[in-house]
Structures are given as structure tokens and as C-alpha cells.
Amino acid sequence: MRNYLMKSALVVACLGLVLVPAPVTTRAAGMDMYISVSPTSVLAGEWAGVSAVVINNSSSKMRMTVTFVAVDPCGSTMDLGYNRLALAPGQSVLVTTAYPTSANSCRGMHTVSVSTAGKGRNAGVSANAYLEVQ
């Protein structure tokens with residue numbers, strides 16, 4: 001009986017790890033970015049959170065704008081917001097926004113894009129995460 005309980009607990013723990021979405025990672029020009037959408041599936045009319053961690057891996061200060069945009073399967077685009085950042089060398093920051101879906105949102109997989117743009121040596125970085133609207 002004890003062996004059965006141990007195996008059951010292990011299966012539940014493994015399922016928990018598999019079901020948690022891994023963040024999308026992208027990097028360029030001394031900068032890393034990790035993005036995620038949580039939850040990854042909502043009913044139309046519910047909200048999802050979008051987060052991005054931006055890391056300055058260069059040896060100089062970086063100024064950039066982080067932009068959040070969502071596109072539904074029907075082709076409609078929604079600007080979710082932007083943040084202006086100034087990161088010192090080695091500094092990281094968490095930037096978040098909310099994605100409100102409406103009750104009549106197009107059903108299916110929505111693409112949430114997070115991109116950065118800056119002046120000077122900053123290269124633009126972009127990554128997509130996905131939200132299923134049911």
C-alpha cells in the first residue's frame with residue numbers, strides 16, 4: 001500500500017511539471033528575454049496574465065521599449081501596452097500586463113507577442129507565447 005501511495009505521489013508531481021508551461025526564451029545582442037502567458041487556456045470573456053523578464057547581459061546600460069501585442073485567429077490585433085526600461089549592466093526586470101478577452105472573442109489559439117526596441121547597440125528582440133481561447 002505504501003509503495004502504491006509513493007508511486008501515485010510521483011505521478012502527480014511529474015504531471016504537475018509537464019502541465020506548467022515553460023517560458024519562451026529569446027536572446028540577442030547581450031540581452032535575454034523570457035515570456036509566458038498564464039493561464040494558457042481561458043474561456044472567452046476571461047483574462048490572462050502576460051509576463052516578460054528582460055535581462056541586460058551586456059557591459060553597458062540599455063534603454064528600450066517593451067511592447068505587448070495580441071493577435072487572434074481571426075486576424076484582429078490588440079495592443080496590450082508597453083513599458084520603457086533603462087537597464088544597468090547585469091540588471092533584470094519583470095514586466096507584466098493583462099490580456100482581457102471579450103465574450104465574443106474569436107475562439108482558438110491567440111498569439112501574444114512581446115518585443116523590444118531600443119537605440120544604439122540594442123537589437124530588437126521578439127518572442128511569441130500562445131493563449132487558447134475556448
Side-chain angles (χ1 to χ4, degrees):
M1 181 69 168
R2 182 177 178 195
N3 194 18
Y4 174 76
L5 291 175
M6 295 283 285
K7 286 181 182 178
S8 298
L10 183 60
V11 168
V12 170
C14 289
L15 279 175
L17 292 174
V18 171
L19 296 177
V20 173
V24 176
T25 305
T26 188
R27 57 177 40 165
M31 179 174 53
D32 291 340
M33 183 170 64
Y34 302 92
I35 70 167
S36 64
V37 175
S38 182
T40 57
S41 180
V42 296
L43 297 174
E46 294 181 341
W47 293 59
V50 182
S51 60
V53 175
V54 182
I55 305 167
N56 179 0
N57 289 327
S58 75
S59 59
S60 60
K61 185 175 185 176
M62 288 186 163
R63 294 184 184 278
M64 69 191 75
T65 301
V66 179
T67 306
F68 297 88
V69 176
V71 179
D72 69 21
C74 299
S76 299
T77 301
M78 178 187 288
D79 292 328
L80 301 176
Y82 69 93
N83 292 86
R84 291 197 174 120
L85 304 176
L87 298 177
Q91 184 179 5
S92 62
V93 68
L94 172 65
V95 184
T96 62
T97 191
Y99 181 10
T101 63
S102 66
N104 58 356
S105 288
C106 190
R107 303 313 194 258
M109 201 60 71
H110 292 223
T111 303
V112 179
S113 298
V114 180
S115 59
T116 64
K119 296 181 180 179
R121 296 180 18 186
N122 291 356
V125 174
S126 181
N128 297 331
Y130 300 94
L131 172 67
E132 182 181 6
V133 177
Q134 301 173 356

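Residue numbers run from 1 in the order of the sequence given.
Not counting sequence neighbours, Thr101 has no partner by the side chain to side chain donor-acceptor pair (under 3.5 Å) test. Ser105 is linked by a side chain to side chain donor-acceptor pair (under 3.5 Å) to Ser102, counting only residues two or more places apart in sequence or in another chain.
The distance from atom CE of Met62 to atom CG of Asn56, rounded to the nearest 0.5 Å, is 4.5 Å. Going from atom OG1 of Thr40 over to atom NE2 of His110 covers 13.0 Å, rounded to the nearest 0.5 Å. The structure places CD1 of Ile35 at 7.0 Å from OG of Ser113, a figure rounded to the nearest 0.5 Å. Here the OG atom belonging to Ser51 is positioned 13.0 Å from the OH atom belonging to Tyr34, to the nearest 0.5 angstrom.
Between Leu131 and Val42, some side-chain heavy-atom pair lies under the 4.5 Å cut-off. Within the 4.5 Å cutoff, side-chain heavy atoms of Met31 are placed close to those of Thr116. Contact annotation: the side chain of Val112 never approaches that of Asn128 to less than 4.5 Å [non-hydrogen atoms, C-beta and beyond]. Within the 4.5 Å cutoff, the side chain of Tyr99 has no heavy atoms near those of the Val37 side chain. For the pair Val66/Val114, a side-chain contact is recorded, criterion being any heavy-atom separation below 4.5 Å from C-beta on. When side chains are defined from C-beta on, Ser36 does not count as touching Ser38, because their heavy atoms never get closer than 4.5 Å. Within the 4.5 Å cutoff, the side chain of Val54 has heavy atoms near those of the Met64 side chain.
In plain terms, the two heavy atoms of Ala127 and Met33 that are nearest each other are N-CE, 4.1 Å. Here the closest non-hydrogen pair linking Ala48 and Pro39 is CB-O, 4.1 Å.
Both Ile55 and Leu94 are assigned to one and the same hydrophobic cluster, defined by single-linkage of ILVMFWY side chains at heavy-atom distances under 4.5 Å. If you chain together hydrophobic residues whose side chains sit under 4.5 Å apart, Val71 and Met109 never meet in one group.
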Side-chain atoms of residues 72-88: list all donor-acceptor pairs with protein atoms under 3.5 Å, sequence neighbours left out, distances to 0.1 Å.
from, atom 1, to, atom 2, distance (Å)
Asp72, OD1, Cys74, N, 2.9
Asp72, OD1, Gly75, N, 2.9
Asp72, OD1, Ser76, N, 2.9

